[in-house]
Amino acid sequence: MLDPRLFRTELDIVVPQLARRGFVFNRAAYSGLEARRKDIQVKTQDLQNERNSRSKAIGQAKAKGEDIAPLMAQVQHLGDQLKAAEAEWSDIQTEMAALMEGIPNILDPAVPDGKDEVANIEIHRWGGPPTFAFEPQDHVDLGAKLGMNFELGAKIAGSRFVVLTGVLARLQRALIQLMLDTHTSAHGYSEVYVPFLVNADSLRGTGQLPKFAADLFKTHGDPSLYLIPTAEVPVTNIVRDVIIDAKELPLKFACHSPCFRSEAGAYGRDVRGMIRQHQFEKIEIVQIVKPEESAQAHEELTRHAETILEKLELPYRRMLLCAGDTGFSASKTYDLEVWLPGQNAYREISSCSNFKDFQARRLQARWRNPDTGKPELVHTLNGSGLAVGRTLIAIMENYQQTDGLIRIPTALQPYLGGLKTIG
RNA sequence: GGAGAGCUGGCUGAGCGGUCGAAAGCGGCGGUCUUGAAAACCGUUGAAGGUUUAUCCCUUCCUGGGGUUCGAAUCCCUAGCUCUCCGCCA
């Protein structure tokens with residue numbers, strides 16, 4: 001959520017900023033609502049003040065043993081008026097909150113214009129796509145004889161599910177280990193396990209609700225819980241409603257979790273293989289930082305994700321997302337795209353975002369600034385480090401050999417008991 | 001799953017339906033003292049919002065929601081959470 005004061009005082013600056021995303025802000029509707037809010041708030045508070053002072057007078061009169069009947073007569077109609085005013089104020093607040101919750105974050109000045117991924121800017125690339133003396137297979141064909149079974153996934157659950165058995169299951173576990181070890185020992189993150197089912201408040205805090213309910217799996221209990229679409233949700237919500245001591249910052253968490261996405265808007269896209277599943281494993285890295293440190297933290301966090309790709313010797317490129325491609329809550333996002341020979345394309349394997357104070361305001365996640373002595377909003381960041389399923393298929397596709405075997409990258413071998421190839 | 005107890009500021013913990021944003025202690029901040037530090041002593045110290053150039057002032061917040069009342073931290077209902085005992089279970 002953006003600062004409501006921004007809309008009251010800097011409307012001329014904010015509206016064009018939002019327009020960069022293609023977000024049309026209805027100024028007239030907002031101004032009308034804001035005027036009504038101001039009016040009813042003052043009216044309600046005046047009535048509350050009157051009730052308080054009159055009630056106090058009754059209390060004092062009673063204490064002195066005076067007759068309170070005339071005073072009581074004076075407040076007779078106050079109650080109804082107040083109730084009506086409070087109801088109206090509450091309605092307007094709800095309406096205003098809904099309006100504000102639907103507004104995306106302000107983009108960082110560095111974010112380029114553009115409406116879709118075509119306008120994203122390549123920042124750099126690392127490694128080159130491998131050359132093959134044969135026609136490389138994709139992970140579906142490679143996986144068929146190694147224990148990657150989509151039919152089984154479909155039988156047990158449905159489409160967009162997979163069963164991994166044997167060496168591929170072990171490879172996935174090894175990747176999780178390598179990623180967590182690297183982030184905790186070399187990058188300074190604390191390892192954390194969190195609930196994989198979360199409540200609506202948590203999803204609202206990170207911005208998935210109310211706008212993106214269609215992408216979530218919801219359970220039927222009361223109250224309903226949601227399967228997490230990313231560990232970002234439970235991990236970032238660690239600091240919801242907390243005032244953090246300045247000495248504790250930055251907070252850095254690394255979290256392994258499954259992620260569940262209904263992919264409601266993705267029918268027909270990436271139907272083949274493990275690229276787009278309803279369930280996948282991911283290592284998420286999250287940072288909670290002082291506002292002035294978030295830009296640098298964003299660069300560092302992205303490097304932490306890139307380090308994993310480099311350790312695994314996977315060719316990738318870093319993209320700066322354009323205005324239209326940057327997510328609702330993010331101010332600036334780098335996507336890391338890994339080379340997939342089976343698709344002959346770079347595909348997203350990590351998304352690293354700086355949310356600035358957008359999530360923090362929804363979360364009421366604050367720190368006490370020693371300079372002002374006041375609680376102020378923190379900045380939140382997160383990135384995948386990395387999506388494990390896509391890393392698995394990147395290794396399979398990039399390291400396939402003429403002999404049909406798949407080479408295990410050197411850094412990963414210790415996690416597989418020294419295994420150098422599979423297949 | 002059954003029975004009971006509780007939820008108050010950064011933390012611990014008092015709180016009679018009225019003058020309670022809330023005693024006290026701890027912690028934090030400022031000061032006195034000290035070569036410096038500690039201790040001791042003194043003072044100060046919640047958050048959000050409205051109005052305002054600013055001060056003042058006003059409103060709201062004692063787990064969430066609803067109710068009773070002129071007036072609710074206090075009474076009632078409800079949800080959530082925590083703790084204790086029993087049952088069950090990994």
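Below, chain A is the first sequence line, B the second, and so on; all start at residue 1. Bear in mind the structure is a predicted one, so any value in this text is a computation, not a measurement.
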Problem - Check against ring-ring contact (aromatic ring centres under 6.0 Å, His included), A/F358 and A/F328 - result: CA-CA 10 Å; A/F358 188 86; A/F328 178 82; 5.8 Å; yes
Completion exercise
For B/rC41, the nucleotide meeting Watson-Crick or G-U wobble distances (both under 3.5 Å) is B/rG31
Exercise for the section: Taking atom C1' in both B/rA73 and B/rU34, compute the distance separating them and give it to the nearest angstrom. Expected result: 45 Å
Exercise for the section: Once you apply the 3.5 Å cut-off to both distances, tell me the Watson-Crick or G-U wobble partner of B/rA24, or none. Expected result: B/rU12
Problem - Nearest-Å distance for atom pair CG/P, residues A/D241 and B/rA47 - result: 15 Å
Practice task
For the side chain of A/Q48, starting at C-beta, report the closest nucleotide among B/rG18, B/rA47, B/rU59.
Solution key: B/rU59
Fill in the blank from the handout: The Watson-Crick or G-U wobble partner of B/rU52, with both key distances under 3.5 Å, is none
Handout entry: Ring geometry between A/H139 and A/F150 (parallel below 30°, tilted from 30 to 60°, perpendicular above 60°)
Key = perpendicular
Exercise for the section: If B/rG18 has a Watson-Crick or G-U wobble mate with both distances under 3.5 Å, name it; if not, just say none. Expected result: B/rC70
Exercise for the section: Indicate, yes or no, whether a donor-acceptor pair under 3.5 Å links the base of B/rG18 to the side chain of A/K62. Expected result: yes
Practice task
Indicate, with a heavy-atom threshold strictly under 4.0 Å, whether A/N52 touches base, sugar-phosphate, or nothing.
Solution key: sugar-phosphate
Handout entry: B/rG1: pairing nucleotide in any strand, Watson-Crick or G-U under 3.5 angstrom
Key = B/rC86
Completion exercise
Re B/rC81: Watson-Crick or G-U wobble partner, both distances kept under 3.5 Å, found to be B/rG6
Exercise for the section: Using the P atoms only, state how far B/rG66 lies from B/rG71, rounded to an integer number of Å. Expected result: 16 Å
Handout entry: Stepwise ring-ring contact (aromatic ring centres under 6.0 Å, His included) test for A/Y189 and A/H304
Key = CA-CA 10 Å; A/Y189 290 81; A/H304 295 155; 5.3 Å; yes
Practice task
Write down the distance separating the P atoms in B/rC75 and B/rG6, rounded off to the nearest Å.
Solution key: 11 Å
Exercise for the section: For A/N369 and B/rG10, give me the distance from atom CG to atom C1', rounded to whole Å. Expected result: 16 Å
Practice task
Examine B/rC70: is either OP1 or OP2 under 4.0 Å from a nitrogen or oxygen in the side chain of A/K56? Give yes or no.
Solution key: no
Practice task
Just compare B/rG18, B/rG49, B/rU68 and give me whichever is closest to any side-chain atom of A/K83.
Solution key: B/rU68
Problem - Between B/rU59 (C1') and A/E88 (CD): distance, integer Å - result: 17 Å
Handout entry: Salt-bridge present (A/E306, A/R318; N to O < 4.0 Å)
Key = yes
Completion exercise
Atom NZ of A/K247 and atom P of B/rG10 are separated, to the nearest Å, by 16 Å
Practice task
Starting from C1' on B/rU59, measure out to CD1 on A/I40 and report it in whole angstrom.
Solution key: 14 Å
Completion exercise
Contacts of A/G59 and A/W89 projected onto RNA chain B by closest heavy atom; the upstream (5') one is A/G59
Exercise for the section: Please state the C1' separation for the pair B/rC41 and B/rU82 - nearest whole angstrom. Expected result: 40 Å
Handout entry: Salt-bridge present (A/R36, A/D91; N to O < 4.0 Å)
Key = no
Problem - Between P of B/rU69 and CZ of A/R51, the distance in whole Å - result: 14 Å
Problem - B/rA24 versus B/rC81 - spacing of their C1' atoms, nearest Å - result: 27 Å
Problem - Earlier contact from the 5' end, RNA chain B, for A/Q60 and A/V42 - result: A/Q60
Problem - Nearest-nucleotide pick for A/Q45, side chain only, options being B/rC70, B/rU59, B/rA48 - result: B/rU59
Exercise for the section: For nucleotides B/rU74 and B/rC16, find the distance between their P atoms and express it as a whole number of Å. Expected result: 11 Å
Exercise for the section: Could you check whether A/I58 gets within reach of a base, just the sugar-phosphate, or nothing at all, counting any heavy atom under 4.0 Å? Expected result: base
Exercise for the section: Would you indicate, yes or no, if B/rG49 has its OP1 or OP2 atom less than 4.0 angstrom from a side-chain nitrogen or oxygen of A/R5? Expected result: yes
Problem - Between CG on residue A/D270 and CZ on residue A/R276, distance to nearest 0.5 Å - result: 4.5 Å
Handout entry: A/R390 side chain to A/I275 backbone, donor-acceptor under 3.5 Å
Key = yes
Exercise for the section: Provide the distance between the two C1' atoms, one in B/rU63 and one in B/rU8, to the nearest whole Å. Expected result: 10 Å
Practice task
Could you work out the separation of B/rC83 and B/rU32 based on their C1' atoms and round it to a whole Å?
Solution key: 45 Å
Exercise for the section: Please confirm whether the backbone N or O of A/V233 pairs with a side-chain atom of A/T236, one donor and one acceptor, at under 3.5 Å? Expected result: no
Exercise for the section: May I ask you to verify if any side-chain N or O of A/N49 is less than 4.0 angstrom from the OP1 or OP2 atom of B/rU59? Expected result: yes
Fill in the blank from the handout: pair_partner(B/rG46), Watson-Crick or wobble, both distances < 3.5 Å, evaluates to B/rC61
Exercise for the section: Could you check how far NZ of A/K38 sits from C1' of B/rU59, rounded to whole Å? Expected result: 16 Å
Exercise for the section: To the nearest Å, give me how far apart CH2 (A/W367) and P (B/rA47) are. Expected result: 15 Å
